[in-house]
Every structure is written in C-alpha cells, then in structure tokens.
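Okay, so here's the structure we're looking at.
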Amino acid sequence: MGTVKKLINGIESVVPDTLRGLAAAHPGLRVDEENRIVYRAAGPRPGKVGLVSGGGAGHEPLHTGFVGYGMLDAACPGEVFTSPVPYQMIEATTAVHGGAGVLHIVKNYTGDVLNFQMTAELSAEENIEVAAVLVDDDVAVHNSIYTAGRRGTGATVFVEKIAGAMAETGAPLHEVVRVAEEVNARSRSFGIGLSSCTTPSVGKPTFDLGDTEIELGIGIHGEPGRTRSTMRPARDLAWIAMDALHEDLPLSGDTLVMVNGMGGTPLIELYIVFAEVVDYLAEKGARAARSLVGNYTTSLDMQGFSITTCRLDDQLTRLWDFPVETPALRWGR
Amino acid sequence: MGTVKKLINGIESVVPDTLRGLAAAHPGLRVDEENRIVYRAAGPRPGKVGLVSGGGAGHEPLHTGFVGYGMLDAACPGEVFTSPVPYQMIEATTAVHGGAGVLHIVKNYTGDVLNFQMTAELSAEENIEVAAVLVDDDVAVHNSIYTAGRRGTGATVFVEKIAGAMAETGAPLHEVVRVAEEVNARSRSFGIGLSSCTTPSVGKPTFDLGDTEIELGIGIHGEPGRTRSTMRPARDLAWIAMDALHEDLPLSGDTLVMVNGMGGTPLIELYIVFAEVVDYLAEKGARAARSLVGNYTTSLDMQGFSITTCRLDDQLTRLWDFPVETPALRWGR
Amino acid sequence: MNTACFAAWIEEIARTVHAEKDRLTRLDAAIGDADHGANLDRGFTAVSRVLAAKQPETTGAMLTMVGSTLIRNVGGASGPLYGMAFRQMGRVLGDTPDVSIAQLCTALEAGLAGIQKLGAATEGDKTLVDALAPAIQALAQSVQDGVKPEEAISAAAAAALAGAEATIPMLAHKGRASYLGPRSVGHEDPGAASTALIFAALHAVTTR
Amino acid sequence: MNTACFAAWIEEIARTVHAEKDRLTRLDAAIGDADHGANLDRGFTAVSRVLAAKQPETTGAMLTMVGSTLIRNVGGASGPLYGMAFRQMGRVLGDTPDVSIAQLCTALEAGLAGIQKLGAATEGDKTLVDALAPAIQALAQSVQDGVKPEEAISAAAAAALAGAEATIPMLAHKGRASYLGPRSVGHEDPGAASTALIFAALHAVTTR
Ligand SMILES: Nc1ncnc2c1ncn2[C@@H]1O[C@H](COP(=O)(O)OP(=O)(O)O)[C@@H](O)[C@H]1O
Ligand SMILES: Nc1ncnc2c1ncn2[C@@H]1O[C@H](COP(=O)(O)OP(=O)(O)O)[C@@H](O)[C@H]1O
Ligand SMILES: [Mg+2]
Ligand SMILES: [Mg+2]
Ligand SMILES: [Mg+2]
Ligand SMILES: [Mg+2]
C-alpha cells in the first residue's frame with residue numbers, strides 16, 4: 001500500500017480489522033472473526049424467525065451495523081464490494097436458526113444472488129427452512145427480464161428494520177417474508193454521485209469526474225451512473241432524484257424517507273437535501289412521516305447522496321417505530 | 001457558486017437550509033429559524049439547569065445533533081466555522097432558563113470565548129445565573145498563558161453528554177459545572193488529517209496535501225496541523241495519536257474512547273483505527289470501557305480522524321450510561 | 001491430459017491471474033466494481049495452496065477441488081460461476097486417468113451449461129460466456145477435424161481471446177455492466193478477459 | 001469630521017472589505033479557518049443596511065451603531081473585537097459634532113484598549129493589534145507635530161499597512177494562528193490586513 005490515503009493496515013486485512021474494531025466497540029455484538037460473521041451477543045431466540053443479510057464490505061453501517069434487537073440476527077460481510085461466500089452464510093444461517101426458519105435479505109446483484117442461492121440449497125440439506133427476499137429498489141436501472149434487473153440499495157435498511165421488527169413480534173416466516181416483500185415493493189431509490197470512490201485494492205478513484213461533473217443514477221459500488229451531468233444547487237439535485245422516484249411509483253401520503261450519504265459527504269449537506277425533499281413531498285401531497293438522514297448505505301468514501309422512499313401504511317409505520325437496538329439504529333430501548 | 005461540489009443552494013443559505021432540514025427530520029427538536037436556535041421540543045423543565053452550547057456550523061452533528069433529553073437544551077450554530085453571536089445565545093439562554101441557572105459549554109477558541117463572554121454579561125443583566133465551562137482538550141496545541149491555549153474539540157461531546165445527564169438528574173448548577181470541568185480535565189484529543197476541507201465560501205480545499213502527505217495535530221476548522229508527515233498504516237497513525245494523548249495524561253483503567261471521523265472518512269476505516277486503539281490501551285493496562293466510533297465532531301468534508309479519551313470513574317460511567325435521546329446519540333429511551 | 005497436466009494448468013492460471021490482476025481489475029473498474037482481478041487472484045491463490053498441501057488423485061477430483069475452492073473463497077459473481085464450471089467439469093471427468101481433447105471438450109460443455117443455468121447469460125450478453133462459448137466451439141471443431149491436441153488447444157485459446165475482444169462493442173445485458181446501459185459499450189468484459197487467460201494458460205502448458 | 005464624514009468612511013470600509021473579501025479569506029485560509037473576509041463582509045454589509053435605513057444623529061451614536069451591528073452579525077473573534085472597538089470609540093465621541101484628529105486619536109486609543117481588554121493581545125502577537133497600534137502611534141505623533149489632518153491620516157494608513165506587513169515574519173501568540181506554532185511564520189495576519197483596509201478607507205475618503 002504505502003501511498004493509499006486510507007486508514008487501513010493492508011488490503012487483505014481491511015475486513016478482519018474492521019470486524020475486530022466492531023467487536024470491541026459494540027458489546028451487543030458477537031463477532032466470529034474466523035468465519036467473518038457478526039451476530040447478536042444474545043444469540044438466537046427459540047421460535048423467532050432468524051434474519052441474515054450479507055454483502056460486500058464498503059457499505060457500512062450496512063449490514064453489520066444493523067445486527068441487534070429488532071433487526072438482523074447475523075450479517076456476513078464479504079471482501080470490499082464482493083458478496084460473501086456460501087460457507088459463511090450457511091454457518092450464519094445454522095447459528096441463528098431458532099426453529100422457525102431463516103430469512104435471507106439479499107440485495108439484487110448477480111454475485112449476491114448466486115451465493116445466497118447456493119447457501120439456500122445447502123441449508124435445505126440441513127433441514128433449515130430458508131426464504132429469501134430480493135431487494136431491488138434502484139430506479140436508475142431499468143427493470144427487464146433481459147438484464148440483471150434493478151440494484152438493491154437503500155431500501156435494504158427499510159427491509160431489515162421492518163422485517164426485523166416483524167420477526168421480533170414472533171410472526172411466522174411467511175409473514176416476515178410478506179412484509180419484507182411489501183417494503184421492497186413500496187420502496188424506490190435514486191443516487192447522485194459528486195465523486196467516485198477509491199477501493200483499497202485499486203488505490204485511486206474508480207472513475208474520474210471533472211470539477212463540475214456529477215453522475216446521475218449511481219449505485220453503491222463506485223461505478224459510474226446512467227448519465228453524466230453538471231453540478232447544480234442542492235434543490236435541483238434533490239428534485240431530479242425525487243422526480244425519478246415519483247415517476248416510477250407516485251408518492252403520496254405518509255412516506256418513510258431516507259436521505260443517505262455515500263460516505264464522504266458531510267451531514268450538514270444531507271440535511272440541506274432533506275429540506276428540499278420535504279418541499280417536494282409537500283408539493284405532491286405527501287409527507288415525510290418518518291425519516292433517516294445520515295450515512296446508512298455507503299460506497300466507501302464516495303461523495304454524494306441517495307434518496308429512498310417507502311410508502312407507509314399503518315402496519316409498516318408501527319413496525320418502523322418498533323424498538324430497535326443496533327450500532328447504527330437505536331430507539332425505544 | 002455554480003461549480004462548488006457541495007450540496008447547498010448558496011453560501012448564504014447553508015445554515016438556514018440545514019436548520020430547515022433538521023427541523024423536518026427530528027420531531028423531538030424545535031427550531032427557531034429566525035434566531036438560529038435549536039431547542040428540545042419539550043421546552044425547559046422547571047428546576048433543571050439549562051445547557052446551552054454553540055459554535056460555528058460545519059462540525060455536525062455537533063452541537064445541534066446533541067439537543068435532547070439527557071444532553072443539551074439548546075444549540076446555537078454560527079455561520080460555517082464562525083462562532084455564533086451574543087444576541088442568539090442570550091435568546092437561547094433566556095428560553096431554556098428553568099429557574100436553576102444555565103451552563104454554557106464553550107469550546108476554547110477566541111471567537112467562541114468572546115461571544116459567550118458577552119452573552120454571560122448580558123445574561124447577568126437579566127438576572128439569569130450563567131456559568132461557563134471551557135473545553136480545551138486538544139493536545140496538539142501546547143498550553144500556555146501566552147497563547148490562546150488548547151483548542152476544544154472532541155471532548156465537547158463527552159462534556160455535553162455527561163453534564164447533560166447530571167443536569168437531568170436535577171443537580172444544582174455548581175454540581176453540573178463541577179462534573180463538566182472534571183470531564184474536560186480528564187479528556188484529551190489528537191487529530192490527523194488526510195485531506196483538507198472545502199468551506200462553501202472558499203470553494204476549494206483550505207490547504208493542499210500531496211498524494212502521500214498528511215497533517216498531524218489538526219483541529220476541526222480545516223486548518224493545517226502542527227506538522228506535516230507521510231501516510232502510514234492505520235496502526236501507526238493510531239499509535240501516533242495515542243502516544244500524544246498518553247504523554248499528556250497517562251492512560252489507565254476504564255477509559256471512554258471516541259474514534260471520530262472528520263466528515264469525509266468512511267465508517268469502515270474508523271473501526272479499523274478503533275481496533276488499534278484497543279490494542280494500545282491494553283498495552284498500557286487500560287481498556288475502552290465505553291466508546292463511540294463515527295462522525296461526531298467533524299470538519300465539513302475533511303478526511304481523517306481524531307481520538308478523544310476520558311479517564312472514567314464510577315460516577316462518570318453512570319452519567320455516560322444515563323439515558324439520552326438526541327438526533328446523534330440515543331440510548332435507554 | 002493426466003492429473004499432473006491439470007495441476008500444471010491450474011498453477012499456470014494462478015500465475016497469470018496474479019500477473020494480470022491489475023489489468024482485470026482495471027477492466028472491472030470501467031464497467032463494474034473494480035474487484036475482478038482481486039477476486040480471481042484470491043481464489044486461485046487459495047487453489048494453489050490446497051494443491052500444494054495435497055494433490056487430488058483423479059482428474060475429476062482435482063477440478064472439483066478447484067471449483068469448490070473458488071466458491072469458498074471468491075464470492076461475487078465470478079466465484080459461483082467459475083466454481084460451478086470447474087465442479088461440473090470435475091463431475092464429468094470423474095476418475096478418467098487420461099483426458100482426451102474430446103473428453104475435455106465434453107467437460108467444458110458441461111461447465112458452460114452450469115454457468116448458463118446459474119447466470120442465464122447467452123452469447124452476446126457481454127459476459128465470460130462470450131469467451132467460453134467460442135473457445136469450446138473451436139475445440140469441438142478441432143476434434144471433428146481431427147487436428148493435433150496442441151493445435152486444438154491453440155485454436156481454442158485464440159477463439160477465447162477473440163471472443164473477449166468481441167465483447168468491447170457489446171451492450172451488457174447481464175452482471176454489473178448492465179447497470180450502465182449504453183455506457184457499457186466500448187469496454188472489454190473483465191470475465192471474458194479472465195476466461196481468455198484460462199485458455200491461454202492451457203495453451204502455455206500444453207506447448208511447453 | 002462630522003457624521004457625514006464618518007458615514008462616508010464606513011461606506012468606504014464596506015466597499016473595500018467587499019472588494020478585498022477573497023484576499024482576506026485567503027490570508028485566513030493560510031493560518032486560520034478561511035472566513036475572515038466572509039465575516040467582515042457580512043458585518044459591514046449589515047452596517048451599510050442599517051446606515052441606509054436611518055443615519056444616527058451623532059458621531060458617537062454612529063460608531064456605537066457600527067460596533068453593535070458588527071457584534072450582532074459577525075461572530076468569530078473579529079466580530080466582538082472590532083465591535084467592541086467601534087463601541088468604545090462611539091462612547092468616547094458621544095455627541096461631539098466635529099471630531100478633530102486629536103479627538104479621533106483619543107477615540108481610537110479607547111478602541112484599542114477595548115480590544116486588548118477583551119483579547120489580551122499585545123504588539124508582536126501577530127493580530128490586528130499589530131496594525132492598529134502603530135496607526136494610532138502615527139496619528140498621535142502627527143497631532144503632536146501639528147501636521148495637516150490629511151497628512152496625519154495618510155501617515156496612520158501607511159503605518160497600519162506597514163504594521164500589517166510586519167506581521168508576516170511573526171510567530172502567532174493569539175487567535176487561531178497560534179495553533180500552528182512555527183508554521184504561522186511567513187504569513188500576513190488577516191485581522192491586521194483588514195485593519196490596514198479600515199485606515200486606507202479613512203485615507204481615501206479624507207483625500208477625496
Ligand atoms: N449472469 C452472468 N452470467 C455469466 N457471467 C456473468 C454474469 N454476471 C457476471 N458475469 C461475469 O462476471 C464478471 C464479473 O466478476 P466479478 O467482478 O468477480 O464479480 P462481481 O460482478 O460480483 O463484482 C463479469 O465481467 C462477467 O463476465
Ligand atoms: N486575542 C486577539 N486579540 C486581537 N486580535 C485577535 C485576537 N484573536 C484573533 N484576533 C484577530 O482576529 C483575526 C481573525 O478573525 P476572524 O477570522 O474573523 O475570526 P476567527 O478567528 O474566529 O475565525 C485574526 O487575524 C487576528 O487579527
Ligand atoms: Mg464485486
Ligand atoms: Mg472562524
Ligand atoms: Mg466486480
Ligand atoms: Mg477566521
């Protein structure tokens with residue numbers, strides 16, 4: 001490494017070192033460093049559906065920061081931007097199984113889908129009932145059966161929170177699956193990048209942007225977006241994103257909104273974007289009944305933001321408000 | 001503006017727009033946009049000491065994100081990196097006065113000190129008992145009566161949390177002052193910058209750093225540090241910072257530790273630094289009994305981190321664990 | 001081809017993947033997430049380690065080990081896809097002591113089928129299938145034409161390389177590159193490039 | 001100097017601070033936090049606005065208004081310091097209708113004392129005191145020498161400028177620049193530079 005301006009000890013040790021830090025910082029977590037699995041310290045609760053998610057590292061706090069009461073039972077980080085592997089996830093699945101089956105929360109990427117699929121096949125051999133929900137909320141990607149489909153991005157946080165609450169209430173697997181699918185169906189995301197990001201192994205930005213250039217429709221892996229555009233005031237950027245969401249699934253009524261930073265954007269700017277989102281919603285007769293403003297689904301040190309909306313109903317609002325106690329989301333306890 | 005890659009609508013509207021977003025995102029806050037004051041929505045509690053802090057914007061979540069039960073009663077943001085003005089703070093001081101006096105938590109910068117001092121003089125005229133605690137934890141600055149003294153940085157979070165808890169228990173002003181001063185006396189900070197930051201009004205980084213250059217001993221205003229150095233593995237950087245803290249006030253026993261991101265550094269890297277801090281403490285016979293890892297005292301989009309330690313005793317630990325409900329810190333409720 | 005020959009092939013893949021790691025990652029940076037080189041290097045380094053510890057006794061077991069090790073260590077899209085391909089090849093070869101080009105071709109066809117079953121990509125989708133399918137076709141043609149093994153493998157390696165290059169003008173329909181839509185055009189697919197490396201490695205060891 | 005003359009001075013300060021905003025901020029970026037130009041521009045823009053709405057009737061009231069408006073709108077170190085200085089000057093001038101150079105000098109001395117009481121800086125600490133103190137000394141000397149008002153003010157402006165430039169080699173002991181220790185050497189103090197602007201503005205309006 002030497003010259004890469006990242007707080008790391010080496011490319012190979014990024015994930016293990018992160019797990020060491022996570023374990024030391026959060027007594028509510030138990031970390032299996034060998035297998036790279038983050039569990040609730042309390043262990044599985046008999047009769048509760050287990051929730052497991054996983055994906056490449058580099059999106060922190062997703063997923064490891066969402067392990068705890070009212071959310072995930074285990075998270076499996078892969079290498080940076082690389083989905084985890086089946087042996088890891090079968091281990092996690094077996095460990096959190098409390099007799100009521102396990103839900104896998106999978107972001108829609110070929111790698112994640114294939115590795116979770118193999119895990120599910122192996123789980124079936126062990127007689128664990130496993131269901132999977134696929135998160136695919138990113139409207140920047142046109143949905144088609146001829147492509148890999150939409151990416152899973154910010155809505156993952158909503159699915160993990162709401163399905164986690166549902167599982168905590170003791171609901172059976174098919175109910176947890178239903179609510180997870182419903183959250184996904186009601187959620188949409190759109191992201192705008194002001195810079196690329198630097199993966200530890202590459203050591204320089206994945207793509208270059210000029211001083212006034214931005215990328216519209218970015219994902220969460222430092223990849224360029226659908227189109228390149230020019231920098232504009234926060235209001236215009238927020239409206240571009242909101243228009244994309246509204247066009248895909250009209251916004252109305254109580255809405256759960258996340259203004260998410262990509263990792264390198266300061267909180268002050270995210271609040272400015274959120275103020276514009278609130279204006280936009282008001283214009284459409286909707287309102288931000290619940291919200292998150294901060295870094296929740298990041299792309300290493302990328303500068304920019306994404307907006308995720310979810311149309312709420314009474315049940316979803318209640319499940320959103322349900323107590324949660326994880327490193328990154330905590331209320332009611 | 002035009003070309004500045006910041007999510008803002010204009011230089012003048014940065015602070016008002018942030019306050020609009022903050023108000024919309026947090027129903028637990030009441031925001032006086034006209035006077036630029038953030039209050040608890042619940043208002044002052046009779047008989048409770050009021051806690052007011054303030055300082056330049058650009059350090060979010062400090063201070064606005066720490067308003068709420070168990071912490072501040074009001075926060076007054078100034079312009080970016082500019083301390084607030086007395087009229088704002090006298091308004092806040094009067095509004096949160098519940099009859100038991102008001103504590104001002106002041107970071108040690110000439111501007112903050114002078115403006116708070118004028119506020120205190122005006123408060124005396126209104127017969128409000130005001131005390132002030134000066135936070136000056138940054139060991140990068142040599143303390144001397146011939147200089148402006150040490151800067152106030154990360155320990156502000158500890159002071160606001162612990163004094164806030166003390167006030168919540170109904171303690172009288174002199175007790176709240178005492179514990180606030182004690183936290184400050186037991187706390188030390190040291191920061192390392194991997195990049196400068198870009199203020200909205202300047203539109204380009206405050207200083208330039210080469211590809212492998214870093215700044216040791218930075219503050220929280222995008223200023224260069226005490227010395228320029230070269231990039232090293234996370235472990236070495238963490239040890240440089242910890243050595244500086246340990247040299248100034250030997251570490252031992254239960255320690256409250258914050259590994260703080262400067263705004264542009266991803267969480268994954270902060271956990272890596274925290275893992276090294278834990279090793280360092282173990283070597284000195286100390287341990288991170290309580291910790292925060294994340295962005296708490298930022299410098300806009302600066303990349304880098306700071307470490308703040310506070311030697312705990314039983315009372316401080318209890319007050320740290322006391323319930324808190326603010327946008328940026330929340331537990332126990 | 002006996003087990004020693006397969007072992008040499010695998011070692012040569014590990015060597016060239018390591019040498020070409022940065023190029024593969026650069027290709028992935030342009031239209032993916034900049035990890036393909038790191039992914040495969042991690043996978044084949046693990047394979048080398050396993051091979052050094054204990055060489056499997058049959059050709060089938062050897063390829064199955066390669067596939068399982070890749071699945072265990074790579075992750076991402078390429079881990080399961082290449083992993084499945086090697087496992088399918090291993091299943092087909094079983095304990096065949098000396099694998100002919102025709103048998104290799106049959107095994108590769110099973111590998112390709114495994115990849116397509118998992119990933120649903122067809123030729124023209126701008127994936128590793130665009131290098132693998134023509135390489136197998138070239139090999140099949142050579143078998144039919146009865147040419148010498150070295151020539152058959154040389155033709156397959158050339159076809160894989162041409163197939164990888166032919167992905168440049170393609171619009172991606174599968175994998176991460178598909179998210180870019182029209183912006184995926186003009187870049188070589190990293191998986192197709194690594195498939196070309198795998199055939200080049202086979203060619204290198206058979207002409208030693 | 002009557003109220004009209006003071007109003008012209010203040011307007012000229014506002015104009016030059018606005019024109020030199022970026023330079024002041026650049027100086028502050030080197031050894032501070034890059035806001036001095038923005039701070040003073042915000043302050044004097046507010047002062048202009050107040051002045052345009054209703055011109056105070058006495059010279060003292062006018063300078064007091066300037067001081068209070070700066071305190072109300074600037075923040076930072078320079079807000080209270082300059083604010084206090086103008087308020088002290090206003091207090092000294094009271095309702096003096098026509099201010100002589102000697103009276104201006106006395107008022108400025110009170111302003112400097114106010115700044116030093118608040119900020120505890122002495123000459124050589126690399127602050128605005130290093131421009132203000134020599135400017136006042138030059139003015140006092142001129143009064144003693146009995147030179148013409150224009151010449152006295154010209155001498156004060158020159159001294160302020162020289163004082164500001166003389167901060168370049170200094171090691172800062174006060175304000176943010178002190179955090180830099182030896183790295184503060186080699187840069188002009190932004191507050192000293194803005195004090196030089198204030199005297200240059202006075203010179204400009206008196207020689208019109
Ligand atoms: N559905 C698919 N079918 C076949 N190959 C695919 C498919 N999806 C992706 N690939 C191949 O995988 C390669 C990317 O691998 P890699 O970068 O290691 O994984 P990831 O895309 O998960 O980061 C692509 O270049 C492509 O050749
Ligand atoms: N203690 C002090 N006494 C006199 N002048 C000071 C003192 N501290 C700072 N200053 C002046 O204030 C200037 C900085 O003002 P400004 O940048 O507006 O405020 P801040 O330092 O709070 O950002 C410095 O250049 C210096 O001239
Ligand atoms: Mg990947
Ligand atoms: Mg300032
Ligand atoms: Mg990839
Ligand atoms: Mg300044």
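This structure is a prediction, so every number in the text was calculated from the model and none was measured. To find a chain, count down the sequence lines: A is the first, B the second, and so on, and within it residues start at 1.
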Tell me, out of Leu22(A), Val293(A), Val278(A), Val273(A), who's got the most heavy-atom pairs with chain B below 4.5 Å.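 Highest number of pairs under 4.5 Å: Leu22(A).
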Output the option from Arg290(A), Arg333(A), Arg235(A), Glu269(A) having the highest count of non-hydrogen pairs under 4.5 Å with chain B. Glu269(A)
Could you tell me which of [options] has the largest number of non-hydrogen atom pairs under 4.5 Å with chain A?
options	value
Ile192(B), Leu267(B), Asp17(B), Ile268(B)	Ile268(B)
Met262(B), Glu276(B), Glu325(B)	Glu276(B)
Gly264(B), Ser13(B), Ala57(B), Ser195(B)	Gly264(B)

Tell me, for Pro323(A) versus chain B, whether the close heavy atoms (under 4.5 Å) come from the side chain, the backbone, both or neither.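 When you check distances to chain B, no heavy atom of Pro323(A) falls under 4.5 Å.
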Which bit of Thr298(A) is near chain B, if near means a heavy-atom gap under 4.5 Å: side chain, backbone, both or neither?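 When you check distances to chain B, no heavy atom of Thr298(A) falls under 4.5 Å.
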Is Asp211(B) salt-bridged to Lys5(A), going by a charged N under 4.0 Å from an acidic O? no
To the nearest 0.5 angstrom, please state how far the OG1 atom of Thr297(A) sits from the CG atom of Asn260(A). 4.5 Å
Value rounded to 0.5 Å, distance of CG in Leu19(A) from CZ in Arg36(A):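 Here the interatomic distance stands at 7.0 Å.
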Using ring pair (Phe, Tyr, Trp, His ring centres under 6.0 Å), reason through Trp331(A) and Trp331(B) one step at a time and then give a plain yes or no. CA-CA 7 Å; Trp331(A) 55 74; Trp331(B) 55 75; over 10 Å; no
Could you label the plane-to-plane angle of the Tyr296(B) and Phe66(B) rings as parallel, tilted or perpendicular, counting under 30° as parallel and over 60° as perpendicular?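 Plane angle under 30°, so parallel.
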So which part of [X] gets closer than 4.5 Å to some heavy atom of chain A, the side chain, the backbone, both or neither?
X	answer
Leu237(B)	side chain
Pro16(B)	neither
Ala24(B)	both
His59(B)	neither
Val14(B)	both

Counting only heavy atoms not in Lys284(A), do more than 12 fall under 6.0 Å of its NZ? yes
May I ask you to check whether over 12 heavy atoms, not counting those of Glu12(B), lie within 6.0 Å of atom CD? no
Taking the six-membered ring of Tyr271(A), is NZ or CZ of Arg20(B) closer than 6.0 Å to its centre and within 45° of its axis? no
